[in-house]
Amino acid sequence: MDYDIQNIELALEGNLRIEWADQYMPVLRLIRERFAVEKPLQGVKIAACLHVTTETANLMRTFIAGGAEIALCASNPLSTQDDVAASLVKDCDMPVFAIKGEDTDTYYKHINSVLDIHPMITMDDGADLVSMLHSERTELLDDVTAGTEETTTGVIRLKSMAAEGVLKYPIIAINDAKSKHFFDNYYGTGQSTMDGIIRATNRLIAGTTIVIAGYGWCGKGVAMRARGLGAHIIVTEVDPLKALQAVMDGYRVMPMSEAARIGDVFITLTGDIHVLRKEHFEAMKDGAIICNSGHFNVEINIDALEEISVKTRRVRTYVDEYTLKNGIRINLLGEGRLINLASAEGHPASVMDMSFANQALSAEYIVKNSTPLEKKVYDVPEEIDATVARLKLQALGIEIDELTDEQKQYLESWTIGT
Ligand SMILES: NC(=O)c1ccc[n+]([C@@H]2O[C@H](COP(=O)([O-])OP(=O)(O)OC[C@H]3O[C@@H](n4cnc5c(N)ncnc54)[C@H](O)[C@@H]3O)[C@@H](O)[C@H]2O)c1
């Protein structure tokens with residue numbers, strides 16, 4: 001079996017951590033147990049490009065239990081946990097192509113390697129697989145039935161492909177399931193982004209001024225957690241509604257040009273490009289910390305930072321200090337890549353349980369669904385979304401009320417008034 005990982009000797013450590021995560025993934029476990037009996041994915045080839053974490057490993061185990069043949073590469077050069085990659089190869093006999101810190105050439109070589117299995121389903125986090133298939137590996141497109149996409153940025157890219165009429169097969173937008181983004185983007189990114197910043201810097205958050213760029217699902221989650229740790233929050237936005245929401249949630253809102261002068265820590269979560277750039281760096285205080293938790297490493301203009309710097313040195317793991325011509329030092333975390341995965345372990349298992357339950361059930365849906373799907377981006381079927389939430393509540397031992405017949409009738413009617 002072909003694979004490319006850091007060190008197979010790390011498998012035992014990885015296996016223990018995968019087992020640890022599994023205890024917090026009851027919904028996925030339930031699906032895995034059913035898949036092991038029913039084998040809904042027997043012989044189905046899946047190419048997966050996901051962050052190689054303990055939670056992803058449990059998703060891979062679920063697909064293998066369902067009979068799939070699957071190959072995995074990383075969806076970000078810094079998001080691989082090398083011990084997990086080792087365990088997947090050794091304990092699951094699975095081809096994995098992912099090394100933490102791989103350079104850009106290796107990253108794309110690894111994407112090509114998973115595509116070499118001639119997938120029937122693609123599973124993306126950021127749409128890099130789809131992009132490679134549509135540009136350099138078009139000979140494989142005929143084999144692909146459908147794909148899934150995990151994150152906001154990937155869904156945006158795919159919708160733009162569909163709008164231009166260039167998307168060659170249907171995609172299910174896992175991100176857009178309520179049981180995904182209400183929880184993963186909000187609670188998951190909220191906790192793990194702060195976790196990444198704290199592990200990278202060991203800085204006290206209480207009393208710190210944190211600037212959060214983007215008040216979407218992820219930005220709201222990070223703002224909530226940072227406030228809980230005692231930070232003063234400033235939000236920057238381009239959408240008037242989101243900005244207003246931030247104001248009414250009790251945060252200060254201002255343009256980045258003003259926030260740049262005040263902030264101690266800056267976090268970008270916009271899915272946009274060059275949100276932090278030259279004029280902002282030049283206005284920052286000495287010792288400012290900048291990082292990104294949006295999907296791609298383009299939110300901070302690192303080239304511009306390099307251009308105005310006279311000295312760069314690595315002062316801690318994944319902390320690069322840039323000294324500007326004016327003597328100001330700016331600390332860039334995680335090379336501008338997702339800080340929660342570069343310096344921490346990504347989202348906690350309990351929240352990935354729901355995101356990956358959607359992935360597993362959507363893959364089964366692609367295989368079993370009899371109505372042909374068009375070449376566009378689909379929502380996760382509502383019954384899957386509801387099932388994931390119901391199973392999670394069940395696992396947590398929480399019961400909820402049911403509508404009475406009278407209530408159902410009332411909610412459906414327009415005749416009963418005052
Ligand atoms: N770190 C993680 O593990 C993780 C998890 C989920 C999603 N993501 C990624 O995080 C990013 C945000 O995802 P989301 O679900 O919150 O998206 P979202 O669409 O809900 O929010 C993005 C927000 O950024 C704002 N924005 C855009 N350009 C801006 C600018 N120049 N300045 C300030 N604000 C701006 C938008 O108006 C919007 O409110 C995406 O790239 C997504 O793929 C990361």
Side-chain angles (χ1 to χ4, degrees), residues 49-53 55-56 74-76 78-79 124-128 149-159 173-178 180-197 211-225 234-247 249 251 253-260 263 266-277 279-280 291-301 333-334 336-349 351-352 354-356 358-359:
C49 179
L50 300 169
H51 303 306
V52 182
T53 62
E55 296 78 21
T56 298
S75 53
N76 186 298
L78 284 190
S79 66
D124 254 314
D125 187 333
D128 280 347
E149 170 53 53
E150 174 77 9
T151 197
T152 316
T153 284
V155 172
I156 291 170
R157 291 175 89 188
L158 293 160
K159 283 190 174 160
I174 304 298
N175 182 74
D176 294 357
K178 296 191 185 84
K180 197 275 184 183
H181 69 273
F182 280 17
F183 304 91
D184 174 314
N185 301 33
Y186 186 62
Y187 300 103
T189 313
Q191 177 167 322
S192 63
T193 299
M194 292 314 297
D195 185 16
I197 294 169
V211 179
I212 295 173
Y215 201 61
W217 284 99
C218 294
K220 286 186 179 83
V222 176
M224 166 186 67
R225 289 294 170 243
I234 296 175
V235 168
T236 71
E237 251 297 344
V238 290
D239 178 333
L241 285 165
K242 303 276 179 59
L244 201 53
Q245 208 176 10
V247 171
D249 282 344
Y251 303 123
V253 175
M254 62 184 76
M256 186 58 88
S257 52
E258 275 177 48
F266 296 79
I267 313 168
T268 53
L269 302 113
T270 68
D272 200 355
I273 190 165
H274 297 170
V275 178
L276 280 179
R277 48 186 185 268
E279 64 264 34
H280 303 135
C291 65
N292 167 53
S293 209
H295 188 77
F296 285 118
N297 63 336
V298 297
E299 302 212 16
I300 299 172
N301 188 347
L333 309 188
R337 298 193 186 277
L338 297 158
I339 185 58
N340 57 338
L341 284 141
S343 297
E345 294 171 65
H347 295 359
V351 84
M352 292 314 294
M354 297 164 77
S355 309
F356 284 166
N358 275 292
Q359 285 279 15

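Numbering of residues begins at 1 and proceeds along the displayed sequence. Ligands are counted one by one from 1 in listed order, and the atoms in each one are counted from 1 as well. Values below: all heavy atoms of this structure, side chains included; hydrogens, waters and symmetry mates excluded.
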Record the part of Leu338 in heavy-atom contact with ligand 1 below 4.0 Å; permitted values are side chain, backbone, both and neither.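 Contact part for Leu338 vs ligand 1: side chain (C-beta onward).
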
Which is it for Met256 and ligand 1 at heavy atoms under 4.0 Å: side chain, backbone, both or neither?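 For Met256, there is no contact with ligand 1 at all, from either part.
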
Closest protein heavy atom to [atom], given as residue, atom name and distance to 0.1 Å:
{"atom": "atom 30 (C) of ligand 1", "value": "Val238 CG1, 3.6 Å"}
{"atom": "atom 20 (O) of ligand 1", "value": "Trp217 N, 3.1 Å"}
{"atom": "atom 16 (O) of ligand 1", "value": "Cys218 N, 2.8 Å"}
{"atom": "atom 37 (O) of ligand 1", "value": "Glu237 OE1, 2.8 Å"}
{"atom": "atom 12 (C) of ligand 1", "value": "Leu269 O, 3.6 Å"}
{"atom": "atom 10 (O) of ligand 1", "value": "Gly294 CA, 3.5 Å"}
{"atom": "atom 28 (N) of ligand 1", "value": "Asp272 OD2, 2.9 Å"}
{"atom": "atom 40 (C) of ligand 1", "value": "Thr153 OG1, 3.3 Å"}

Are any of the N or O atoms of [X] closer than 3.5 Å to those of ligand 1?
{"X": "Glu299", "result": "no"}
{"X": "Thr152", "result": "yes"}
{"X": "Asn340", "result": "yes"}

Which of the atoms of ligand 1 are close to [X], meaning less than 4.0 Å from one of its heavy atoms?
{"X": "Asp239", "answer": "37 (O)"}
{"X": "Gly216", "answer": "16 (O), 18 (P), 20 (O), 21 (O), 23 (C), 39 (O)"}
{"X": "Thr236", "answer": "33 (C), 34 (N)"}
{"X": "Thr151", "answer": "6 (C), 7 (C), 8 (N), 9 (C), 42 (C), 43 (O)"}
{"X": "Gly214", "answer": "24 (O), 25 (C), 33 (C), 34 (N)"}
{"X": "Lys242", "answer": "38 (C), 39 (O)"}

